[in-house]
Amino acid sequence: MNSYDPQTIEARWQRWWADTHLYRTPSLSSADASTFYCLDFFPYPSGDGLSVGHGRNYVPTDVISRYYRMRGRAVLHPMGWDAFGLPAENEAIKRGIHPRETTTRYAANYRRQMNLLGCSYDWEREINSSAPDFYRWTQWFFLLLYRRGLAYRAIGQQWWCPDCKTVLADEQIEAGACWRCHGPVHKRDLEQWYFRITAYADELLSSLETLDWPEHILAMQRNWIGRSEGIEFDMAVEEADGSEASFTVYTTRPDTIYGVTFAALAPEHPLVLRITTPDRRAEVSAYSAEAARRSELERLQAGRDGVFTGAYAVNPVNGVRVPVYVADYVLTSYGGGAIMAVPAHDGRDWDFAARHGIPAPVVIAPPDWDGKPLAEAYTGPGVMVNSGLWNGLPSEEAKGRIAEWMEAQGIAHPTVQYRMRDWLISRQRYWGAPIPILYCDACGIQPVPEEDLPVDLPHIEAWLPGEDGRSPLANVPEFVHAICPRCGGPARRETDTMDGFACSSWYFLRFVSPDYADGPFDPAQLAVWGPPDLYVGGAEHAVMHLLYARFWTKVMADAGLVPFREPFPVLRSQGVMHARDPETDEVCRMAKSAGNVVTPDSVAASYGADALRIHLLFVAPFDCNTVWEEEGIVGARRFLNRFWRLALEVAATERTPGSPADANLRGTVHRTIERVTADVEAFKFNTAVAGLMECLNEMATHSRVHGVTAGLVEAARVFVLLLAPFAPHVAEELWERLGEPYSVHRQPWPVWDESLAAEEAITLVVQVDGRLRDKLTVPAAIGEEEARQQALSCEGVRRQLEDEGRRVTRVVYVPGRLVNLVTQGPAA
RNA sequence: GGGGAAGUGUCGGAAUGGGCAGACGAGCGUGACUUAGGAUCACGUGGGGCGACCCGUGCGGGUUCAAAUCCCGCCUUCCCCA
């Protein structure tokens with residue numbers, strides 16, 4: 001076999017690697033600085049299988065893992081399945097197959113495809129979050145949170161997805177719709193379990209600074225946590241029956257308080273019906289009912305809507321009475337469901353005031369303000385006007401002074417608000433870890449004792465979500481009936497299951513000791529491998545998964561379970577793979593629903609997995625979005641083909657004389673080692689591949705001109721090593737054909753020699769007045785004086801100076817780069 | 001509306017502690033070879049000009065000997081949150 005046939009060699013080596021356990025994680029018993037834990041986001045195995053887009057995640061981490069193995073590091077590169085939760089269950093529903101069966105089957109397919117791509121996972125450490133020996137520990141962590149007061153049960157207005165038939169956490173609502181099925185959602189009053197993530201809000205925000213993460217993901221987390229500093233104060237209001245009442249408002253803008261012209265309550269606010277005057281009651285009731293019925297999406301689209309209650313509230317700083325409205329743009333969950341409204345200086349208040357004919361007096365003068373009414377809300381800083389004794393102050397200063405003054409008067413106090421809410425974890429679904437809680441009529445809520453874990457998820461046939469909003473487990477008497485661990489009397493088992501994100505909040509710890517039975521992980525092995533050195537995955541989990549896992553890690557750290565407070569010190573996020581719609585030619589995300597999926601199977605069958613890997617790495621920077629264009633991959637295939645033929649030619653040549661040209665080639669090879677090494681470490685895989693291509697071009701030219709010399713033989717050997725992390729199959733095959741011992745993936749990464757890598761001759765650019773006029777090839781070690789002389793006397797410069805009668809007034813010399821002659825003269 | 005990222009040939013993209021714009025690849029063109037291949041090899045490929053040269057990194061200014069890169073003001077696209 002002499003032509004490059006990827007299908008044959010890829011299958012052959014994949015089998016060989018598995019048989020020889022090439023990627024088995026080294027077993028270490030004590031902490032070792034040379035370990036490298038390289039982790040991918042925990043995928044849920046979908047029935048659609050992998051697309052080439054997934055390769056943008058798994059190929060780079062594979063390159064990194066292979067690279068660090070060659071660098072002598074002990075590498076942990078595991079894979080497992082996020083098999084519990086909504087995505088996996090919805091998938092099973094869609095196919096009409098029990099989720100236990102689908103997750104097993106789909107995980108096997110993912111594993112097959114990952115092997116097809118040549119990924120070097122240690123499958124002996126494979127985990128599955130729906131396995132009892134995994135979810136046992138998810139439940140154990142629930143109890144840990146419960147014991148620490150971080151898991152609690154409460155009634156609240158919850159997002160309900162009628163399609164998924166379950167409640168959802170705030171962050172699982174995207175653009176007013178369910179994150180999984182994209183259907184409309186609405187709020188419902190339900191008693192549910194929560195994790196108190198807000199207890200860690202401050203640390204979750206402040207320790208973002210310590211993370212080596214992409215800026216846009218840090219920004220999303222900051223936004224989501226949404227810390228704001230402001231004041232809370234009460235506004236007195238008269239109730240319909242004449243008694244006194246008040247409601248608390250929160251504002252971040254005390255400087256605008258003299259501009260308040262109305263107050264607004266959320267439709268759900270408890271005071272609404274009590275303060276509404278009799279003549280307005282019918283209208284207000286109708287409006288509140290209407291608002292409650294509408295989904296958030298509809299409410300957002302409806303604009304600034306609301307009705308007057310007939311009541312008036314008092315602005316505590318100046319005693320002014322302002323009308324109180326009910327408005328659906330006021331959120332119950334934020335700032336207590338009541339606001340002071342300042343139309344002149346808030347966009348939403350402005351819109352509302354315009355619809356209802358409410359005045360908008362200016363209290364912060366914009367720069368260059370002419371004293372006339374504004375055309376739109378002004379939210380920037382300015383000078384205080386119409387604000388009593390604060391007039392004339394800059395608003396930025398007045399903000400703090402007014403807050404302090406109000407506090408001193410006893411009418412306000414400073415508060416910090418977060419946008420983030422506690423994490424709702426109850427799911428009225430079958431396919432998840434049962435919440436390990438019992439309800440006893442005598443003893444109340446009782447946690448399941450640790451020794452009784454796991455609370456097994458029973459294998460039932462009627463697992464489809466019910467229409468009644470209860471988990472299917474509620475219909476399984478043997479599951480529900482239990483004994484109270486405290487009094488021994490009858491108890492009822494909690495039938496909701498945990499949000500799937502609970503599993504992914506700790507799974508990265510399980511990989512360090514996947515079979516450990518005495519705890520979620522072996523502390524000694526955690527000490528060996530630590531938190532992942534590198535974590536790679538898509539930006540779609542920038543808020544949910546990463547925030548939850550950070551929260552759990554901090555809880556574990558406080559419980560003394562882990563010696564670190566952040567689970568993922570280094571995070572990288574790959575760009576999204578787009579594809580053209582086969583019909584319309586429009587570009588959108590590659591997805592089964594868009595009908596534009598290209599599978600690694602089909603590409604590997606036509607071009608080989610190695611070519612696919614090279615192409616995915618080469619086509620764009622790692623973190624950029626890309627469009628899949630099939631034609632581009634021929635470049636990757638040609639590249640591998642060209643090296644294949646060159647290596648075979650080298651292998652077939654018996655006598656390989658040295659050549660004077662070898663020194664040049666050696667220089668190229670050593671510069672390539674340096675370049676590829678730096679690029680891989682910097683996640684610049686596209687330029688790393690370009691560097692390999694340039695090196696191969698040099699080698700091919702050398703071969704054509706000088707034949708197979710000793711220098712070329714050495715170059716080919718080094719090139720196979722450099723190629724190994726990128727195209728592992730063809731590198732292994734050629735390594736063998738060059739007569740080297742199995743396996744190329746166990747060889748040390750080549751080292752470059754500075755002196756060999758140094759260029760002997762460089763190109764010195766000669767400019768006149770900053771314009772390129774000539775180029776000189778000079779020794780790299782040239783001195784400044786010599787460089788100046790050569791520049792002044794070169795052809796391109798002479799033309800400029802003599803023809804136009806200029807003279808040189810200044811010479812700028814940048815060693816190794818250029819000489820710029822600055823001139824004065826008649827033409828200038 | 002707020003926050004983030006980005007605008008470079010026909011296309012994907014190189015080059016930012018300011019210093020040869022367009023590496024590498026795709027596509028296209030010309031030629032070679034032919035056991036016609038999704039093969040290989042050579043040369044060319046930003047625009048204009050016969051040329052010396054001129055113009056050119058979204059647009060308009062600025063700083064500098066020198067700007068894709070730094071500063072100011074705009075425009076456009078994508079992502080996240082409203």
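So that the names make sense, note that chain A is the first sequence line, chain B the second, and so on, each numbered from 1.
- Of all nucleotides listed (B/G12, B/A42, B/A23), B/A23 comes nearest to the side chain of A/Glu694.
- With both ends at atom P, the span from B/C24 to B/U69 equals 24 Å, rounded to whole Å.
- Among the atoms of the strands shown, base atoms are found under 4.0 Å from some heavy atom of A/Val765.
- Atom-to-atom distance recorded for A/Cys178:SG and A/Trp159:CH2 is 11.5 Å, nearest 0.5 angstrom.
- Residue-to-nucleotide proximity on RNA chain B shows that, of A/Glu215 and A/Gly635, the 5′-proximal contact is made by A/Glu215.
- Closest to the side chain of A/Trp224, from the set B/C81, B/A23, B/A66, is B/C81.
- Side chain of A/Trp644 to main chain of A/Asn2: a donor-acceptor pair is present (N/O by atom type, distance under 3.5 Å, no hydrogens or angles).
- Remark: A/Arg642 is not in phosphate contact with B/A39, judged by side-chain N or O atoms under 4.0 Å from OP1 or OP2.
- Salt-bridge annotation for A/Glu209 and A/Arg222: absent, with no side-chain N of the basic residue lying under 4.0 Å from a carboxylate O of the acidic one.
- To the nearest whole angstrom, the two P atoms, one in B/G56 and one in B/G48, are 15 Å apart.
- A/Val812 comes within 4.0 angstrom of a base, heavy atoms only.
- Relative to the side chain of A/Leu772, the nucleotides B/A21, B/G19, B/G4 differ in distance, and B/A21 lies closest.
- Here the nucleotide nearest the side chain of A/Arg645, chosen from B/A39, B/C41, B/G4, is B/C41.
- Rounded to a whole Å, the CG atom of A/Asn697 is 13 Å from the P atom of B/U40.
- With a glycosidic angle more than 90° from 0, B/G58 adopts the anti conformation.
- Applying the Watson-Crick and G-U wobble criteria (two distances, each under 3.5 Å), B/A68 pairs with nothing in any strand.
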Under 3.5 Å, which protein N or O atoms sit close to an N or O of nucleotides 72-75 of chain B? Give each pair with its distance.
none

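- Backbone-only engagement by A/Arg773 is indicated by non-hydrogen atom pairs under 4.0 Å involving sugar-phosphate atoms exclusively.
- Close to B/G2, at under 4.0 Å from its OP1 or OP2, lies no side-chain N or O of A/Arg419.
- A/Arg222 comes within contact range of no nucleotide atom at all, as no heavy-atom separation falls under 4.0 Å.
- Here the side chain of A/Asn641 is nearest to one of B/G27, B/A39, B/A42, namely B/A39.
- When heavy atoms are screened at a 4.0 angstrom cut-off, A/Arg810 is found touching base atoms of the nucleic acid.
- Closest approach to the A/Arg771 side chain among B/G25, B/C55, B/G4 is made by B/C55 (side chain taken as heavy atoms from C-beta onward).
- Per the geometry, CG belonging to A/Asn2 stands 17 Å off C1' belonging to B/G37, to the nearest Å.
- A/Arg589 has no side-chain polar atom (N or O) that falls below the 4.0 Å cut-off from OP1 or OP2 of B/C79.
- Atom NE2 in A/His345 sits roughly 18 Å away from atom P in B/G1 (whole-Å rounding).
- If you check every strand for non-hydrogen atoms under 4.0 Å, A/Glu629 touches nothing.
- Shown here, B/G1 forms a base pair with B/C81; the pair counts as Watson-Crick or G-U wobble because both key distances fall under 3.5 Å.
- Looking at the side chain of A/Leu818, the nearest of the listed nucleotides B/G19, B/G27, B/G25 is B/G19.
- Searching all strands for a Watson-Crick or G-U wobble partner of B/U76 with both distances below 3.5 Å returns B/A6.
- Using a 4.0 Å cut-off between a side-chain N of Lys or Arg and a carboxylate O of Asp or Glu, A/Arg798 and A/Glu795 qualify as a salt bridge.
- The side chain of A/Arg638 approaches B/U40 more closely than any other nucleotide in the set B/C20, B/A66, B/U40.
- The distance between the ring centers of A/Phe352 and A/Tyr325 falls below 6.0 angstrom.
- Of the possible donor and acceptor atoms, one in the side chain of A/Arg613 sits under 3.5 Å from a partner among the backbone N and O of A/Pro725.
- Atom C1' of B/A39 sits at a distance of 43 Å from the matching atom of B/G19, rounded to the whole Å.
- Shown here, B/G27 forms a base pair with B/U45; the pair counts as Watson-Crick or G-U wobble because both key distances fall under 3.5 Å.
- Distance from the side chain of A/Asn686 is smallest for B/G13 among the nucleotides B/C65, B/A5, B/G13.
- One finds the CD atom of A/Gln790 at 4.5 Å from the CD atom of A/Glu786 (value rounded to the nearest 0.5 Å).
- Among the heavy atoms of the strands lying under 4.0 Å from A/Pro621 are primed sugar atoms or P, OP1, OP2 only; no base atom is included.
- With hydrogens and angles left out, the side chain of A/Asn223 and the base of B/C81 share no donor-acceptor pair within 3.5 Å.
- Nucleotides B/A15 and B/U8 are separated by 15 Å at their P atoms, to the nearest Å.
- Taking 4.0 Å as the cut-off between side-chain N and carboxylate O, A/Arg788 and A/Glu784 count as a salt-bridged pair.
- Rounded to whole Å, the C1' atom of B/C70 lies 24 Å from the corresponding atom of B/A23.
- Stacking of A/Arg580 on the aromatic ring of A/Trp628 is not recorded, the 6.0 Å distance cut-off and the 45° axial limit not both being met.
- Look at the C1' atom in both B/A67 and B/U16: the space between them is 10 Å, to the nearest Å.
- The residue among A/His216 and A/Thr701 whose nearest nucleotide of RNA chain B lies closer to the 5′ end is A/His216.
- Within the 4.0 angstrom heavy-atom criterion, no nucleotide atom of any strand lies near A/Asp623.
- For B/U40, the paired nucleotide is B/A32, the pair qualifying as Watson-Crick or G-U wobble because both relevant distances are below 3.5 Å.
- Using a 4.0 Å cut-off between charged side-chain N and carboxylate O, A/Arg589 and A/Glu540 make a salt bridge.
- Note on A/Arg348 versus A/Asp346: salt bridge recorded, some NZ/NE/NH1/NH2 to OD/OE distance being below 4.0 Å.
- Within the 4.0 Å cut-off from OP1 or OP2 of B/A15, at least one side-chain nitrogen or oxygen of A/Lys684 is found.
- The same atom, C1', is picked in B/G44 and in B/G9; the two are 15 Å apart, to the nearest Å.
- Checking the phosphate oxygens (OP1, OP2) of B/U77, no side-chain nitrogen or oxygen of A/Asn625 falls inside 4.0 Å.
- Closest to the side chain of A/Met220, from the set B/U40, B/C65, B/C80, is B/C80.
- A distance of about 25 Å separates the C1' atoms of B/G7 and B/C28, rounded to the whole Å.
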